[in-house]
Amino acid sequence: MRKIYILDFDGTLGDSRGLILRTMMDTFDALGIDRPTEEACVNTIGLPLADCFVVVAGLTAAQGERCAEVYRRIFHDNNVPGSVPPFEGVVETIRTLHQQGHTLAVATSRKPFLVTGGEIVGIEDSSSTISCRVNQYDDVFVWGASQTVVQVFEMKCG
C-alpha cells in the first residue's frame with residue numbers, strides 16, 4: 001500500500017540546532033545585545049521567533065520583533081548548503097520510501113529545500129513535485145505526488 005508521509009524538516013530530518021544558535025548569536029551581536037548562554041537559547045527553539053528573543057534576553061515585544069527581523073536577514077546569509085546536516089539514517093530512509101513509491105512531503109520555511117533536499121536524498125524527478133504555502137513562513141514540498149494528491153494539496157493550501 002502506498003502512503004503519504006509529511007515530515008517536518010528542522011529537528012526531524014535536519015539537525016538545524018547549530019545554524020539556529022549561530023544565527024541567534026549573530027543577531028545579538030548585530031544589535032549590540034549581550035549574548036545569553038547557548039543552553040538558554042536552545043530552550044526557546046520552537047517558540048515563535050520574536051518570543052525567543054523576548055524570553056531569552058528579557059526584551060520587550062517590539063525589541064523581540066526587531067530581533068526577529070534581523071535574525072531572518074542573517075539566517076538567509078547563514079543558511080548555505082551543508083549548514084543543516086541530515087540526522088543519521090534520514091537520507092537512506094527517504095530514498096527507500098521514495099523508491100517504494102510512497103509520496104513524501106516536507107514542511108519547511110527553507111525555500112531552497114525543494115532543490116537541495118531532493119539532490120541530497122537523490123530524488124531528481126521534479127515533474128511530480130508541488131509546493132504550497134501553509135502559513136506565513138512555511139511551505140510544504142511534495143515529491144512523487146499523484147494528480148489526486150496535487151489537487152488535494154492545492155485545495156487545502158492555495
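Since the structure is predicted, the reported quantities are computational estimates derived from the model, not experimental observations.
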Is there a donor-acceptor pair under 3.5 Å between the side chain of Ser16 and the backbone N or O of Leu19?
no
Quick one: does any side-chain atom of Thr93 pair with a main-chain N or O of Gly89 as donor and acceptor, under 3.5 Å?
yes
Considering only distance and modelled atom types, tabulate donor-acceptor pairs under 3.5 Å from the side chains of residues 46-53, sequence neighbours left out.
none

According to the salt bridge (Lys or Arg N to Asp or Glu O under 4.0 Å) rule, which pairs have a member within residues 17-30, sequence neighbours left out?
Asp29-Arg35
Same cluster (ILVMFWY, side-chain, under 4.5 Å), [X] and [Y]:
| X | Y | value |
| --- | --- | --- |
| Leu13 | Phe75 | yes |
| Val54 | Val42 | no |
| Val80 | Met25 | no |

For residues 55-68, run the donor-acceptor check on the side chains, cut-off 3.5 Å, and write out each pair with its distance to 0.1 Å, sequence neighbours left out.
unit_1, atom_1, unit_2, atom_2, d
Thr60, OG1, Gln63, N, 3.1
Thr60, OG1, Gln63, OE1, 3.2
Gln63, OE1, Thr60, N, 2.8

Are there over 12 heavy-atom neighbours, none belonging to Glu38, within less than 6.0 Å of that residue's CD?
no
Does atom CG (Asp34) have a neighbourhood of more than 12 heavy atoms from anything else shown, all under 6.0 Å?
no
Reported CD1-to-CG distance for the pair Ile20 and Asn78, which is rounded to 0.5 angstrom:
11.5 Å
Calculate, to the nearest 0.5 Å, the distance between atoms CD1 and CG belonging to Ile74 and Leu31 respectively.
7.0 Å
All side-chain hydrogen bond (donor to acceptor under 3.5 Å, both in side chains) counterparts of Thr27, not counting sequence neighbours
none
Sequence neighbours excluded, the answer for side-chain hydrogen bond (donor to acceptor under 3.5 Å, both in side chains) partners of Gln100 is His102
Return the minimal non-hydrogen interatomic distance between Phe87 and Gly14, and the atom names on each side.
CE1-O, 3.4 Å
